[in-house]
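Numbers restart at 1 for each chain; the letters A, B, ... are given by sequence-line order, proteins then strands. A quick note: this is a predicted structure, and the numbers were derived from the prediction, not measured.
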Number of protein chains: 2
Amino acid sequence: MPFTIATWNINSVRLRMPLVQRLLEERKPDILCLQETKCPNDQFPEKAFKALGYEHIAIHGQKGYHGVATVSKQPFDDIVRQDFCQIGDARHLSTRLSIGGRRLRVHNFYVPAGGDEPNPEVNVKFKHKLDFIEEMRLISAEAEPGVSSLLVGDLNIAPFETDVWSHKQLLKVVSHTPIECEGLLRAQADGRWTDLMRHHVPMDEQLFTWWSYRSKDWAASNRGRRLDHIWGSQDLAPALTAIDVMSAARSWERPSDHVPVLASFDIA
Amino acid sequence: MPFTIATWNINSVRLRMPLVQRLLEERKPDILCLQETKCPNDQFPEKAFKALGYEHIAIHGQKGYHGVATVSKQPFDDIVRQDFCQIGDARHLSTRLSIGGRRLRVHNFYVPAGGDEPNPEVNVKFKHKLDFIEEMRLISAEAEPGVSSLLVGDLNIAPFETDVWSHKQLLKVVSHTPIECEGLLRAQADGRWTDLMRHHVPMDEQLFTWWSYRSKDWAASNRGRRLDHIWGSQDLAPALTAIDVMSAARSWERPSDHVPVLASFDIA
DNA sequence: GAAATAGAAG
DNA sequence: CTTCTATTTC
């Protein structure tokens with residue numbers, strides 16, 4: 001049975017509802033996980049999603065910043081919002097559902113960006129980021145027996161050399177510093193997660209999901225980073241049939257700086 | 001020889017360049033006077049106007065607020081920017097040109113709105129407005145022998161009963177208080193100006209050029225005011241062939257709260 | 001309600 | 001470069 005999940009840092013869901021609609025109509029994923037919705041819960045455009053066939057909506061939003069949401073064609077049987085670092089930020093949303101008899105846990109994350117200075121002693125934002133990924137070590141792909149797991153979202157870290165346009169030039173740039181890359185890989189390992197994007201795309205191939213707004217011709221310079229991720233429990237790796245980074249969306253009208261990433265599976 | 005002038009409070013010229021283009025393409029006025037350009041001089045979209053055939057551009061802008069501009073198919077032979085109330089505001093721009101051998105002076109005004117409280121003793125903005133129209137008394141339609149004159153723009157005053165949706169309800173609302181209406185009519189009389197809009201449209205007919213952004217269905221409630229004006233020297237009155245208040249523009253995409261007003265002439 | 005400004009954040 | 005939060009102005 002085919003099944004597709006999409007993740008997208010949308011950078012304001014209200015502003016970009018037309019783009020979300022385009023994604024859903026073109027690709028029809030079963031589940032869409034959004035980050036940076038920048039939308040208070042009472043203003044989330046539920047109607048628009050329901051009209052598109054996504055009748056099941058879980059939101060964890062706040063005013064102005066951050067915010068995650070997961071929408072689905074199938075109903076959720078559990079919804080959890082975890083407050084990482086106990087700071088009150090809306091950065092995590094966990095949902096559980098059944099797809100063709102298979103039970104599935106989906107964690108949707110928006111990891112702190114971390115500011116400019118990659119020194120936790122002087123930059124509290126970077127400290128927050130490191131603390132956050134430290135806490136992520138406790139999120140296990142095997143937490144619930146009989147339930148497969150996915151962890152997707154904007155993790156704001158590009159851990160491998162081919163996850164950035166220039167490993168050398170980004171070594172001291174937040175998102176690709178050794179300390180945070182190692183921290184993220186530690187969380188991945190501790191949680192028994194498989195990096196499904198890299199499971200599908202060879203490690204020697206560049207793979208980006210984000211291009212800064214600051215460079216005019218993003219495609220020509222191609223100074224991207226892989227900040228968005230799809231991780232899965234071990235059992236999902238063999239079921240994976242496709243990874244699709246929708247780079248074209250970076251050129252849509254008034255785009256997000258992130259593009260959607262889709263993972264497709266054929267589950268028994 | 002036919003000749004048309006348009007005046008429009010555009011509420012940000014950069015934001016509404018597509019609407020300006022639509023006006024110019026649909027109506028092709030010889031001269032367009034804009035108010036509330038909200039555009040520093042070095043950021044005025046000169047190229048766009050030139051591409052539309054308006055190669056002669058006079059601007060009096062400032063950062064953030066106010067600002068007037070006059071664009072023309074014919075060249076100017078004189079440009080004057082007058083600093084009313086010596087406060088440094090960009091609220092006046094006077095240009096002179098020849099149309100079919102006729103010499104023409106065009107004053108483009110953006111009169112201060114005046115704040116909420118119609119009492120010059122407690123509201124310095126209202127005082128400023130009254131001082132401004134007092135100073136306008138010195139602007140004469142007959143200042144230059146052999147030169148016809150026009151005075152157009154957002155004068156922020158609706159002087160007659162039929163210039164507002166409810167004379168009674170607006171008597172104490174800034175824009176229609178007796179003190180400012182009388183002040184404006186005094187400036188009109190002292191300058192030997194003819195109210196060309198009222199020359200063409202009978203006084204018992206309602207005539208509005210502005211509808212607040214605050215009312216959802218501007219057309220249904222029709223709570224408008226005639227804040228924009230076209231005045232002319234006596235000799236132009238018999239040449240006037242049409243006055244056109246483009247109310248339709250209030251329903252264009254992302255509109256200004258003011259609509260364009262056009263005056264057409266057949267000049268010998 | 002819809003512009004502008006500024007600063008914070010990405 | 002683009003989004004938010006505010007404040008101010010009309």
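Position along DNA chain D of the nearest nucleotide to A:K216 versus A:Y65 favours A:K216 as the more 5'-ward residue. If you find the closest nucleotide of DNA chain D to A:Y213 and to A:G64, the one lying nearer the 5' end belongs to A:Y213.
Tested against B:Q35, the residues B:N108, B:N11, B:N9 include a single side-chain hydrogen bond (donor to acceptor under 3.5 Å, both in side chains) partner, B:N108. Among the candidates A:V71, A:L151, A:V261, A:V106, the single residue satisfying the side-chain contact (heavy atoms from CB on, under 4.5 Å) test with A:C33 is A:V106.
To the nearest angstrom, P of C:dA4 lies 6 Å from NZ of B:K38. Nucleotide C:dA8 holds its C1' atom 18 Å from the CD atom of A:E117, rounded to whole Å. Following rounding to the nearest Å, A:N156 (CG) and C:dA9 (P) show an atom-to-atom distance of 15 Å. Counting to the nearest Å, the P atom of D:dT9 and the NZ atom of B:K129 are 16 Å from each other. Distance CZ (A:R250) to C1' (D:dT2): 10 Å, rounded to an integer number of Å. A straight line from CD of B:E253 to P of C:dG1 spans 17 Å, rounded to a whole angstrom.
Listed pair A:K63 / D:dA6 meets the phosphate criterion, a side-chain N or O lying under 4.0 Å from OP1 or OP2. One finds no side-chain N or O of B:S212 lying less than 4.0 angstrom from the OP1 or OP2 phosphate oxygen of C:dG1. Not one side-chain nitrogen or oxygen of A:S215 sits closer than 4.0 Å to the OP1 or OP2 atom of D:dC1. Remark: B:K125 is in phosphate contact with D:dC10, judged by side-chain N or O atoms under 4.0 Å from OP1 or OP2.
You won't find any donor-acceptor pair under 3.5 Å spanning the side chain of B:R254 and the base of C:dG1, going by distance alone.
Relative orientation of the A:H92 and A:F109 rings is tilted, given thresholds of 30° and 60° on the angle between their planes.
Between B:V259 and B:V245, some side-chain heavy-atom pair lies under the 4.5 Å cut-off.
Residue contacts for A:R16: at a heavy-atom cut-off of 4.0 Å it reaches the sugar-phosphate backbone alone, with no base atom in range.
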